[in-house]
There are 2 protein chains.
Amino acid sequence: MPGTRQTRQSLRQTVVEGIKGYILDNRLRPGDPLPTEPELCQALGASRSSVREAVKVLNALDIVEVRHGHGTFVGRLSLSALVESLTFRGLLSVEDDVQVLSDLIDVRELFEHGMADRIVAALDERQLDALDAVVSDMKAQADSDSVSTALVGADRDFHALLVAPLHNDLIAQLSLAFWDVYAVVAPHLHGFGPEEAAEAAAAHKEIVEAARAGDLDRFRAAVTAHYAPVRSRLAAAG
Amino acid sequence: MPGTRQTRQSLRQTVVEGIKGYILDNRLRPGDPLPTEPELCQALGASRSSVREAVKVLNALDIVEVRHGHGTFVGRLSLSALVESLTFRGLLSVEDDVQVLSDLIDVRELFEHGMADRIVAALDERQLDALDAVVSDMKAQADSDSVSTALVGADRDFHALLVAPLHNDLIAQLSLAFWDVYAVVAPHLHGFGPEEAAEAAAAHKEIVEAARAGDLDRFRAAVTAHYAPVRSRLAAAG
DNA sequence: CATTATTTGTGCGTATGTATG
DNA sequence: CCATACATACGCACAAATAAT
């Protein structure tokens with residue numbers, strides 16, 4: 001064996017750090033190619049099994065992206081790991097506890113309520129028009145009897161557009177990540193019928209109108225009013 | 001039924017979902033033991049390689065915890081994956097961009113500024129005393145010439161105590177996760193000397209005094225004043 | 001369009017290190 | 001100290017997917 005190094009660290013962790021170091025040292029960017037598995041084996045002095053496990057760990061963190069039959073590349077560095085982790089936590093505790101979802105809604109509301117001043121100040125005409133278009137789409141969807149997947153997609157778009165003017169990528173990605181977690185976990189708690197859809201569409205409409213009027217207090221009140229029924233459904237289910 | 005074909009899904013992803021399903025179906029809790037690797041192989045119809053890679057992925061998400069020579073157990077479901085992912089993102093972009101850290105500070109301030117009303121209202125005597133103790137400790141550390149690791153640890157404790165009264169585990173864990181990311185990435189940008197330490201200690205002291213006085217506006221101003229020099233250092237480094 | 005080279009995905013056997021009793 | 005059970009690591013062989021020739 002090459003060097004009886006008394007590694008308190010596991011070899012796989014060493015390989016993980018080695019690959020991260022390779023990306024940092026070579027100033028690679030998302031999408032850039034990484035060495036092939038055999039090359040990494042030689043460069044890091046580990047077997048292919050260890051390298052593969054390390055690559056899979058980094059893949060789970062979206063630090064690297066693996067394409068079968070093509071190669072390994074620097075990942076998008078998204079928050080997909082947070083989504084998967086939080087979703088599982090929610091599913092595991094949803095049987096006897098809604099605290100996870102309640103905490104999550106608190107943070108989502110905090111993004112939109114606590115940043116209300118900046119959002120209202122930064123929203124321009126184009127962004128307001130885009131929000132109006134989503135609201136119109138939601139209203140049309142809500143008026144039809146069935147609750148379609150287009151409706152939930154429009155809701156996701158709405159909240160993404162709402163925090164977009166902050167130009168804070170972390171808030172934007174966290175907001176969407178929490179939305180995704182809620183969308184997966186909440187259906188295990190309660191349904192979402194036409195009346196809830198109409199309610200949500202109206203709440204979104206009020207938020208946009210308040211923003212267009214530049215009325216900060218009205219905007220904050222509209223955001224609070226939007227999340228109130230969400231909390232009610234959580235409390236009723238828990 | 002394992003008879004159904006999983007043509008599009010990779011086998012490893014199937015195993016990942018299988019292990020997650022096993023935990024959910026059996027209502028396991030953090031710390032509960034999982035089947036051994038050979039048992040998982042037979043149960044999921046996969047080889048050791050695939051099972052091991054799947055376990056490592058779940059380990060990276062803190063959904064399972066592996067103890068060498070002992071066994072595999074349900075993990076603590078922490079946000080360690082978020083810390084690792086965001087830290088790497090920060091290190092990768094720190095060379096030509098401080099936006100990642102700036103966004104992160106915005107969110108940390110949002111937690112304490114946007115939730116100020118609830119924090120001030122919920123803080124009790126014991127929590128205020130604990131905050132005072134940390135502030136005293138920081139001041140003592142700052143007065144000594146060297147900047148010790150105890151100082152940064154006290155800062156971490158302070159911000160954890162500050163959001164603790166919210167009883168929102170997600171905010172508490174996100175707040176600490178962002179603190180950890182900043183603590184790793186920021187040293188690559190700027191130093192942290194005795195004058196900054198004294199400044200931070202004074203800012204923390206003002207926050208606690210405002211909270212003890214129940215003065216919400218003063219508390220918010222103190223939080224803003226605390227993060228202002230942090231932003232200045234970021235702007236100067238970027 | 002087919003072939004082929006490249007690269008990752010999967011399976012299996014074996015040896016070693018580690019924790020527990 | 002020994003025995004057992006388990007995870008760690010290695011190396012090879014073959015399958016599957018992709019891209020270029």
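Atom set for the values below is all heavy atoms of this structure, side chains included, hydrogens, waters and symmetry mates excluded. First the proteins, then the strands, lettered A, B, ... as listed; each starts at 1. Quick caveat: nothing in here was measured; it's all calculated off a predicted structure.
Annotation: ring pair (Phe, Tyr, Trp, His ring centres under 6.0 Å) contacts involving residues 54-103 of chain A, sequence neighbours excluded, comprise A:His70-A:Phe73.
When distances run from any side-chain atom of A:Leu11 to the nucleotides C:dG9, D:dA7, D:dC10, the shortest one goes to D:dC10. The side chain of B:Ser10 approaches C:dT10 more closely than any other nucleotide in the set D:dA16, C:dT10, D:dT8. Closest approach to the B:Arg12 side chain among D:dA19, C:dT10, C:dT8 is made by C:dT10 (side chain taken as heavy atoms from C-beta onward). Checking D:dT8, C:dT8, D:dC10 against every side-chain atom of B:Val66, the shortest atom distance belongs to D:dT8. The side chain of A:Ser50 lies closest to D:dC10 when the candidates are D:dA16, D:dC10, C:dT10.
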Per-pair distances, 0.1 Å, donor-acceptor, side chain in residues 97-105 of chain A, under 3.5 Å, sequence neighbours excluded:
{"from": "A:Asp97", "atom 1": "OD1", "to": "A:Gln99", "atom 2": "N", "distance (Å)": "2.8"}
{"from": "A:Gln99", "atom 1": "NE2", "to": "A:Asp103", "atom 2": "OD1", "distance (Å)": "2.8"}
{"from": "A:Asp103", "atom 1": "OD2", "to": "B:Asp169", "atom 2": "N", "distance (Å)": "3.1"}

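Below the 3.5 angstrom threshold, one finds no donor paired with an acceptor across the side chain of A:His70 and the base of D:dT18. For C:dG11, its base never sits under 3.5 Å from the side chain of B:Arg52 at any donor and acceptor pair.
Distance B:Arg48 CZ to D:dA5 C1': 13 Å, rounded to the nearest Å. As a whole-Å value, the separation of B:Glu37 CD from D:dA7 P is 5 Å. Separating the CG atom of B:Leu34 from the C1' atom of D:dC6 is a distance of 14 Å, rounded to the nearest angstrom. Spacing between atom CD of B:Gln13 and atom P of C:dT10 amounts to 10 Å, rounded to whole angstrom units. Rounded to a whole Å, the NE2 atom of B:His68 is 12 Å from the P atom of C:dT20.
The number of heavy-atom neighbours closer than 6.0 Å to CZ of A:Arg29, taken from other residues, nucleotides and ligands shown, is above 12.
Listed by residue number, B:Lys56 are the residues of residues 56-65 of chain B with a heavy-atom contact under 4.0 Å to DNA chain D.
Of all the heavy atoms in A:Leu151 and A:Ala142, the pair that sits closest is CD1-N, 4.5 Å.
Proximity of B:Leu28 to B:Tyr22: side-chain heavy atoms (C-beta onward) are separated by under 4.5 Å at one or more points.
Mapping A:Ser49 and A:Arg67 onto DNA chain D via the closest heavy atom, the residue that lands nearer the 5' end is A:Ser49.
In this structure, A:Glu84 pairs ionically with B:Lys20, as a charged nitrogen and a carboxylate oxygen lie closer than 4.0 Å. Here A:Arg12 pairs with A:Glu53 in a salt bridge; the nearest charged N to carboxylate O distance falls below 4.0 Å.
Residue-level contact check: A:Val55 touches neither bases nor backbone, having no heavy atom under 4.0 Å from any strand.
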